Peer 1: 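Dumping the structure here so I can ask a few things about it.
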Amino acid sequence: MQESRLFKIVYYLLDKGQATAPELAEKFEVSVRTIYRDIDALSGAGIPIYTETGRNGGISLMNHFILDKIVLSKEEKQEILTALQTINITQNKNNSQTLQKLSGLFHLHSENWLEVDFSRWGNKEFDNEKFNLLKSAILCCKYVKIHYAGSCEIINKRTVQPLKLIYKAKAWYLKAFCTEKQDLRIFKLNRILDLEILDKNFQPRHFPTPINSSNTEYNEITLRFPKEMAYRVYDEFDKTQVQQQANGDLIASAKMPEDSWLIGFLLSFGAQVDILSPAYLKELIAEEAKLIYEKNKP
């Protein structure tokens with residue numbers, strides 16, 4: 001218990017800079033006498049902690065003190081270096097002076113084991129630039145004008161207040177307030193064809209989580225695929241959602257929104273999908289396939 005409190009005292013002082021003994025005693029629910037014994041113990045362990053008397057006095061750490069091996073385990077240091085690597089990825093940096101300094105300070109080599117590329121195949125420059133521009137607009141609270149390819153409309157122009165970038169179901173999305181619709185919207189990054197950061201600021205706002213945000217509000221869709229489609233099935237469904245039959249067929253079940261996206265999703269499998277339920281989806285897919293045939297028949 002005392003060891004845990006000693007660490008917490010160090011963290012608290014690193015965060016606050018200075019604290020009085022009564023303040024620490026109240027914070028950690030011990031007596032002032034116990035706090036002074038803890039200070040002696042920390043000093044004896046090599047932590048550069050000291051007290052100053054007087055009106056503006058208190059307990060402090062030396063200005064240049066950092067967490068070293070006395071406080072952080074090897075695993076904790078590695079976690080810090082991994083977190084910095086992740087930050088570098090989101091900033092598209094190939095190297096970081098901070099990461100290099102901490103690696104040297106911790107006497108640990110930071111293995112470059114993680115690589116993330118936000119771009120699609122063959123389109124690295126524009127996709128990464130788009131991501132960075134939106135990140136900058138979010139952090140600076142700047143309006144953004146976008147050209148967006150909607151699912152049911154032609155390409156249109158929108159002016160939005162960008163609030164957050166999210167990664168969901170193998171795709172990046174932008175949560176934003178749309179000034180044209182006067183409502184919160186979610187835009188798929190791949191459908192943002194062009195964007196411009198405007199010289200106009202907005203007040204940050206919260207993008208609420210829907211009350212029924214889980215997929216339990218959707219009906220369950222059950223599909224059957226031949227074994228040859230396993231590569232695609234496991235791209236789209238978690239293995240817990242898939243059952244393999246004796247003949248090798250794959251039965252996939254998941255709760256999905258029944259909208260234009262679902263129609264396009266099912267059509268993307270061509271003749272390699274059999275809709276088991278709900279039955280009315282078969283008719284919708286057949287009608288859409290018929291329209292495609294009529295439009296493209298020779």
Side-chain angles (χ1 to χ4, degrees), residues 1-93 95-114 116 135-142 162-167 175 201-209 211 213:
M1 182 65 182
Q2 182 193 20
E3 182 179 352
S4 175
R5 188 174 65 251
L6 294 178
F7 289 161
K8 290 178 180 178
I9 289 174
V10 173
Y11 297 147
Y12 188 80
L13 293 176
L14 283 169
D15 182 47
K16 300 295 183 180
Q18 183 177 333
T20 64
E23 178 184 348
L24 292 173
E26 181 179 358
K27 171 73 177 175
F28 299 108
E29 299 180 346
V30 295
S31 67
V32 172
R33 185 184 296 272
T34 298
I35 289 296
Y36 280 121
R37 282 201 297 265
D38 289 344
I39 300 307
D40 289 339
L42 287 169
S43 181
I47 304 294
I49 192 169
Y50 65 96
T51 60
E52 286 183 327
T53 59
R55 183 175 181 181
N56 296 319
I59 302 167
S60 307
L61 294 166
M62 295 293 289
N63 288 337
H64 300 294
F65 173 73
I66 57 172
L67 296 176
D68 62 13
K69 63 183 179 181
I70 297 173
V71 178
L72 290 176
S73 67
K74 180 179 179 181
E75 290 74 20
E76 289 169 331
K77 293 175 182 177
Q78 192 62 61
E79 286 178 4
I80 291 173
L81 295 179
T82 299
L84 284 175
Q85 283 182 331
T86 306
I87 292 172
N88 288 342
I89 288 169
T90 61
Q91 294 177 341
N92 283 321
K93 291 183 178 178
N95 117 33
S96 165
Q97 291 185 353
T98 305
L99 183 59
Q100 291 176 344
K101 288 178 180 178
L102 281 180
S103 296
L105 181 68
F106 291 163
H107 302 290
L108 285 176
H109 175 64
S110 179
E111 296 292 343
N112 189 18
W113 64 273
L114 181 64
V116 177
K135 181 186 72 173
S136 174
I138 292 169
L139 296 177
C140 298
C141 296
K142 293 284 189 180
L163 305 176
K164 182 181 292 187
L165 287 167
I166 63 169
Y167 187 79
K175 288 185 172 183
N201 291 86
F202 62 87
Q203 288 295 321
R205 68 173 75 213
H206 175 63
F207 196 108
T209 301
I211 296 175
S213 59

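Quick caveat, the model's predicted, so the values are computed rather than measured.
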Peer 1: Would you give the length of the straight line joining atom CG of Leu6 to atom CD1 of Ile47, rounded to the nearest 0.5 angstrom?
Peer 2: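 Leu6 atom CG to Ile47 atom CD1 measures 9.0 Å (nearest 0.5 Å).
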Peer 1: Just verifying a value: how many Å separate Glu29 CD and Arg5 CZ, rounded to the nearest 0.5 Å?
Peer 2: 11.0 Å
Peer 1: Can you name the closest pair of heavy atoms from Val10 and Leu61 and give their distance?
Peer 2: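 Closest pair (atom of Val10, atom of Leu61, distance): O-CD1, 3.9 Å.
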Peer 1: Check ring-ring contact (aromatic ring centres under 6.0 Å, His included) between Phe202 and all other residues, then give those that pass, not counting sequence neighbours.
Peer 2: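 By the ring-ring contact (aromatic ring centres under 6.0 Å, His included) rule, Phe202 matches Tyr143.
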Peer 1: For Glu26, does the CD atom have more than 12 heavy-atom neighbours from other residues, nucleotides or ligands under 6.0 Å away?
Peer 2: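 No, the 6.0 Å shell around CD holds no more than 12 heavy atoms from other groups.
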Peer 1: With sequence neighbours left out, what residues match Asn201 under side chain to side chain donor-acceptor pair (under 3.5 Å)?
Peer 2: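 For Asn201 the side chain to side chain donor-acceptor pair (under 3.5 Å) partners, ignoring immediate neighbours, are Lys142.
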Peer 1: What is the distance from atom CZ of Arg205 to atom CG of Leu163, rounded to the nearest 0.5 Å?
Peer 2: 7.0 Å
Peer 1: With Glu23, which residues qualify under side-chain contact (heavy atoms from CB on, under 4.5 Å), at least two apart?
Peer 2: Tyr12, Ala19, Thr20
Peer 1: Can you name the side-chain contact (heavy atoms from CB on, under 4.5 Å) partners of Ser31, sequence neighbours left out?
Peer 2: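 If we apply the side-chain contact (heavy atoms from CB on, under 4.5 Å) test to Ser31, skipping adjacent residues, the hits are Arg33, Thr34.
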Peer 1: Using the test side-chain contact (heavy atoms from CB on, under 4.5 Å), find all partners of Ala21 that sit at least two apart in sequence or belong to another chain.
Peer 2: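 In terms of side-chain contact (heavy atoms from CB on, under 4.5 Å), with neighbours along the sequence ignored, Ala21 is linked to Val32, Ile35, Tyr36, Ile59.
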